[in-house]
Amino acid sequence: LWPWLLASSGLSALVQLVTLPFFPDSPSYLLIQKGNEEACRKAVRKLWGDGDHQAEIDDIMKEKGAMASTKTLRVLEVIKEQSLRWQLYILMTVMTTLQLCGINAIYFYSFEVFHTAKFEEYLIPYVSLGVGLCECLSSILCSTLIDRFGRKVLLWGGYTLMCSVLALLTMTLSLQHRFFWMHYFSVILIFLFVVFYGIGP
């Protein structure tokens, strides 16, 4: 079953490959990159139907004008540019914390935690699949929450809850030999960590 499940991801790629030639090009790409206004209007009509779409085309023209007046910076120029310093710091901090947040360790050791929790051997891959589904569903939930609460709240809240869960997980793994129910609590914490990771970072 697992080889078929792994190969099923190729089905969506095949569907995309077959249907891609029938999709229209992006109007902004046609106007900004190619400079073809007629093809842009044709793509707009194909995407949004017949009607007056001059306002959308004017917006794309404004975007083209703004891009023409913007200088393209190289990597070293971005690093040296004072006006971009804070944005660069924020980006580096977010990307570093994303790599060091512990999600890879959770995925790596979850199999062992499930095994210690006395799950049947044949059930462990399905529980691991459940962990992946949790991340997928929480990411979908995040897309609805981000408009309501904003990126900053979700980042702070996600990292705070993830730190709390990791502290509790460390405690439950240390005490799992004293109390039989600690194994199951560890499993619940793994699921919670993945949910908070999907909603936050």
Side-chain angles (χ1 to χ4, degrees), residues 4-101 103-104 107 129 131-159 162 194-201:
W4 286 105
L5 191 63
L6 193 62
S8 65
S9 58
L11 183 64
S12 59
L14 182 65
V15 169
Q16 289 180 36
L17 194 64
V18 170
T19 57
L20 196 59
F22 301 102
F23 283 98
D25 286 320
S26 165
S28 55
Y29 165 76
L30 290 168
L31 191 58
I32 295 170
Q33 301 294 329
K34 296 289 186 181
N36 191 337
E37 189 172 339
E38 186 55 41
C40 171
R41 290 180 185 278
K42 188 177 177 182
V44 165
R45 283 194 298 272
K46 194 170 182 181
L47 285 168
W48 297 320
D50 293 325
D52 185 20
H53 302 294
Q54 189 59 42
E56 287 83 359
I57 292 169
D58 289 342
D59 285 340
I60 298 171
M61 291 294 284
K62 285 178 188 173
E63 186 183 342
K64 184 180 180 180
M67 285 179 70
S69 62
T70 304
K71 182 187 172 186
T72 304
L73 299 175
R74 295 182 177 153
V75 176
L76 284 175
E77 291 173 331
V78 170
I79 293 169
K80 291 175 184 176
E81 183 65 44
Q82 288 283 348
S83 62
L84 301 174
R85 192 63 50 85
W86 275 110
Q87 292 93 319
L88 193 62
Y89 288 154
I90 291 167
L91 183 65
M92 287 172 64
T93 304
V94 169
M95 294 310 295
T96 304
T97 52
L98 188 62
Q99 293 300 316
L100 301 175
C101 70
I103 189 68
N104 293 325
Y107 276 127
L129 184 64
V131 172
L133 283 173
C134 267
E135 184 179 349
C136 182
L137 292 173
S138 58
S139 299
I140 294 167
L141 178 63
C142 174
S143 64
T144 60
L145 294 175
I146 197 165
D147 292 329
R148 190 170 187 180
F149 298 106
R151 184 74 176 146
K152 188 191 271 188
V153 172
L154 291 182
L155 275 173
W156 276 107
Y159 279 124
M162 285 164 65
V194 171
V195 167
F196 295 146
Y197 172 78
I199 292 173

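We number each residue from 1, following the sequence as shown.
- Taking the side-chain contact (heavy atoms from CB on, under 4.5 Å) definition, one finds that Trp48 meets it with Val44, His53, Glu56, sequence neighbours left out.
- The CG atom of Leu11 sits 10.5 Å away from the CD atom of Gln16 when rounded to the nearest 0.5 Å.
- Remark: Thr97 engages Tyr159 in a side-chain hydrogen bond (donor to acceptor under 3.5 Å, both in side chains) (not counting sequence neighbours).
- Under the side-chain contact (heavy atoms from CB on, under 4.5 Å) criterion, Val195 pairs with Cys134, Ser138, Ile199, not counting sequence neighbours.
- Note that CG of Leu98 is 12.0 Å distant from OG1 of Thr93, once rounded to the nearest 0.5 Å.
- The shortest non-hydrogen separation linking Met162 to Phe196 is CG-CB, 3.9 Å.
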side-chain contact (heavy atoms from CB on, under 4.5 Å) evaluation trace for Leu88 with Met92: CA-CA 6 Å; Leu88 193 62; Met92 287 172 64; 4.2 Å; yes
Atom pairs and distances, donor-acceptor, side-chain atoms in residues 21-34, under 3.5 Å, two or more places apart:
{"unit_1": "Ser26", "atom_1": "OG", "unit_2": "Ser28", "atom_2": "N", "d": "3.4"}
{"unit_1": "Ser26", "atom_1": "OG", "unit_2": "Ser28", "atom_2": "OG", "d": "2.9"}

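- Sorted by first and then second residue, the side-chain hydrogen bond (donor to acceptor under 3.5 Å, both in side chains) pairs involving residues 73-86 (not counting sequence neighbours) are Glu81-Ser83.
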Which pairs of donor and acceptor atoms, one on a side chain in residues 36-43, lie under 3.5 Å apart (sequence neighbours left out)?
{"unit_1": "Asn36", "atom_1": "OD1", "unit_2": "Glu38", "atom_2": "N", "d": "3.4"}
{"unit_1": "Asn36", "atom_1": "OD1", "unit_2": "Ala39", "atom_2": "N", "d": "3.1"}
{"unit_1": "Glu37", "atom_1": "OE2", "unit_2": "Arg41", "atom_2": "NH2", "d": "2.9"}
{"unit_1": "Arg41", "atom_1": "NH1", "unit_2": "Gln54", "atom_2": "OE1", "d": "3.1"}
{"unit_1": "Arg41", "atom_1": "NH2", "unit_2": "Gln54", "atom_2": "OE1", "d": "3.2"}

Exercise answer: donor-acceptor pairs, residues 140-151 side-chain atoms, under 3.5 Å, sequence neighbours excluded:
{"unit_1": "Ser143", "atom_1": "OG", "unit_2": "Ile140", "atom_2": "O", "d": "2.5"}
{"unit_1": "Thr144", "atom_1": "OG1", "unit_2": "Leu141", "atom_2": "O", "d": "2.6"}
{"unit_1": "Arg151", "atom_1": "NH1", "unit_2": "Gly200", "atom_2": "O", "d": "3.3"}
{"unit_1": "Arg151", "atom_1": "NH2", "unit_2": "Pro201", "atom_2": "O", "d": "3.2"}

